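Structure first, commentary second.
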Amino acid sequence: MKLDGKIPAGALAEKWTKYRSSMPLVAPHNKLRLDVIVVGTGLAGASAAASLGELGYNVKCFTFHDSPRRAHSIAAQGGINAAKNYRNDGDSVHRLFYDTIKGGDYRAREANVHRLAEVSGSIIDQCVAQGVPFAREYGGLLDTRSFGGTQVQRTFYAKGQTGQQLLIGAYQALSRQISLGKVQMYNRHEMLDLVMVDGKARGIIARNLVTGKLERFSAHAVVLATGGYGNVFYLSTNAMTCNVTAAWRTVRRGALMANPCFTQIHPTCIPVSGDYQSKLTLMSESLRNDGRVWAPKKKEDAQAIREGRKKGKDIPEEDRDYFLERKYPAFGNLVPRDVASRASKAMCDAGHGVAPTGLAVFMDFAAAIERYGRSRASAQGIHNPDKDTITALGEKVIDEKYDNLFAMYEKITGENAKKTPMKIYPAVHYTMGGLWVDYNLQTNIPGLFATGECNFSDHGANRLGASALMQGLADGYFVLPYTIGTFLAGEISTPRISTDLPEFAAAESETRARLLGFLSVNGKQSVESFHRRLGRIMWEYCGMARNAEGLTKARKMVQDLQAEFQSDLFVPGTLDEFNPELEKAARVADFMELGELMIVDALNRNESCGGHFRTEYQTEEGEAMRDDEGYAYVAAWEYGGMGKEPVLHREDLIFETVKPTSRSYK
């Protein structure tokens with residue numbers, strides 16, 4: 001199989017503009033005759049469904065939630081990037097493009113990343129028009145703040161709830177199309193298979209999660225916007241229902257899974273507190289604007305904190321190691337996520353961790369509170385303010401910027417992070433890998449498109465903070481509505497697809513048999529217990545640090561776990577009823593197959609880059625060591641069948657504008 005990225009010819013800065021002017025179009029009266037399925041209602045899915053409905057297509061939109069507003073995009077807190085240069089600090093489309101390519105450790109397509117940077121400004125305009133309440137400066141202009149991996153302030157935000165506010169905007173647009181009849185909404189429906197007719201994606205099999213009924217849905221094209229697969233690790237910042245099933249079922253039908261081992265570890269999460277914790281909570285990267293990350297210099301101080309004999313605020317300044325500022329002075333606390341995560345892990349591995357488990361460092365806001373307090377006091381004409389006044393005024397500023405984040409932290413941990421340093425530790429957050437797509441966001445299966453985190457295309461081996469929301473809305477509002485026409489322009493004579501076709505019957509029959517298979521095992525172990533064990537294997541051997549020996553061991557462990565799952569799984573209830581355990585069984589089965597592929601991909605990539613850190617390939621200073629000669633390519637894997645090896649297809653990455661160099665944030 002030869003992979004064709006369909007990247008337009010011409011100068012990088014002109015590719016998207018010229019391509020939009022020459023791509024095939026679907027006339028308005030023909031759009032009325034074409035059906036499109038959109039699976040997922042997060043930022044990528046809701047914006048795509050709303051935009052396609054507005055264009056005139058007949059859209060069927062699916063979510064397994066009770067409302068589109070429950071999509072996991074609401075959990076994104078810190079902000080959304082855009083090259084507006086409102087700060088007049090030197091930002092530009094090219095700088096956003098360069099920061100993203102560099103931040104991804106030169107493992108992303110130049111053309112896709114530049115297009116993302118180009119349309120970023122339009123996203124902000126669109127969202128402001130929708131009424132998204134972005135933060136504003138004293139003069140009324142939109143405010144921005146910094147995020148990791150950049151030296152400009154390009155991140156627009158709405159306190160610590162940016163994702164929620166953006167999703168409400170997209171949901172409003174989607175609701176308008178639902179009310180007009182252009183989008184038909186299917187809540188509490190989960191896609192369980194892709195239906196292909198004559199080699200093209202023509203529909204899906206979905207299960208009504210309330211009644212248990214399997215249902216058939218047809219369309220001229222299918223768009224997946226189903227998010228990432230971080231829950232393969234069990235403990236992650238993702239919602240517990242996030243899964244890979246929709247994407248993985250298309251892989252089973254022939255779609256390629258690209259760079260699955262590229263998963264992002266976020267450095268600022270609330271640490272694990274117990275063996276039976278079900279998920280982890282993210283503390284937004286935006287906090288690193290004002291929070292200084294440190295650990296005790298003395299191991300005895302760290303031990304005293306772990307044992308409860310001391311608190312972080314008891315450690316004097318001279319005994320604190322602000323290790324990010326020490327190691328990376330040019331970027332300090334705002335180094336990219338993969339760099340910050342490994343640095344925190346190294347401190348904990350060396351015995352400087354501050355949680356009872358030993359797996360946490362501090363993020364301290366005392367200096368920011370004092371700085372803001374003095375500034376606010378000066379602005380109010382308070383001369384020589386006392387410490388209590390400075391603290392009160394400074395904490396008020398912190399509340400204005402981040403109040404919901406601090407409230408969340410206090411509710412979970414019982415500690416006020418304005419009074420004592422916040423404990424943080426890295427955790428699985430985002431997946432850069434995903435379905436392989438070309439420049440049109442189309443997979444190798446004609447008529448099957450993938451947007452947002454579901455595809456692999458824009459972040460390389462590491463995603464810069466505040467770029468997830470940017471990609472989701474860029475794909476949904478400003479890319480897919482154009483590029484889907486390159487396929488649908490050839491379908492205007494195709495009549496509405498019938499769900500009575502034998503391909504639909506066969507897919508439904510296979511799905512039914514698979515679900516009944518889970519119910520028939522009648523073993524003794526719960527789905528949750530298998531998922532937890534899978535997650536431990538993946539985190540231990542395919543998490544922040546990997547090596548060939550551990551990965552080889554992990555693959556055998558996952559295979560053994562799969563065999564045990566097939567022989568000792570217990571799923572109560574029946575198929576044709578409300579059955580959450582059956583839902584989970586199908587998802588965990590897919591996670592197991594994906595987990596093995598992630599391990600295979602990590603074993604294949606004999607280098608360290610971004611979120612993929614092979615301990616055999618690192619510099620003397622412990623930084624990632626890429627191999628551009630051998631691995632400057634997209635690894636797109638084809639499912640080989642049960643018990644067979646996956647097949648690797650390579651798409652070479654060509655860098656015409658930027659030259660890959662060793663990343664340095666020092």
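Note that the coordinates shown come from a computational prediction; the quantities given were computed from them, not determined experimentally.
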F331: ring-ring contact (aromatic ring centres under 6.0 Å, His included) partners, not counting sequence neighbours: Y665

Qualifying residues under side-chain hydrogen bond (donor to acceptor under 3.5 Å, both in side chains), relative to E110, sequence neighbours excluded: none

Any residue meeting side chain to side chain contact (heavy atoms under 4.5 Å, CB included) with S179, in chain and number order, not counting sequence neighbours: none

Closest non-hydrogen atom pair between R663 and R626, with its separation: N-NH1, 4.3 Å

Which atom of D89 lies closest to which atom of Q153, heavy atoms considered: OD2-N, 2.8 Å

Non-neighbouring partners of D66 that pass side-chain hydrogen bond (donor to acceptor under 3.5 Å, both in side chains), sequence neighbours left out: none

Side chains of T63 and N187, donor plus acceptor under 3.5 Å: no

Partners meeting side-chain hydrogen bond (donor to acceptor under 3.5 Å, both in side chains) with R70 (sequence neighbours left out): none

Qualifying side chain to side chain donor-acceptor pair (under 3.5 Å) pairs, either residue in residues 93-102, two or more places apart: D99-R154

Which residues share a side-chain hydrogen bond (donor to acceptor under 3.5 Å, both in side chains) with D125, sequence neighbours left out: K84

Those residues that, when tested against P385, pass side chain to side chain contact (heavy atoms under 4.5 Å, CB included) (two or more places apart): A377, I382, T389, I390

Residue pairs passing the ring-ring contact (aromatic ring centres under 6.0 Å, His included) test where at least one lies in residues 143-178, sequence neighbours excluded: Y86-F156

Residues that E540 engages under side chain to side chain contact (heavy atoms under 4.5 Å, CB included), provided they are two or more places apart: none

Partners meeting side chain to side chain contact (heavy atoms under 4.5 Å, CB included) with P316 (sequence neighbours left out): E318, D319

Side chain to side chain donor-acceptor pair (under 3.5 Å) pairs, two or more places apart, involving residues 347-360: K345-D349

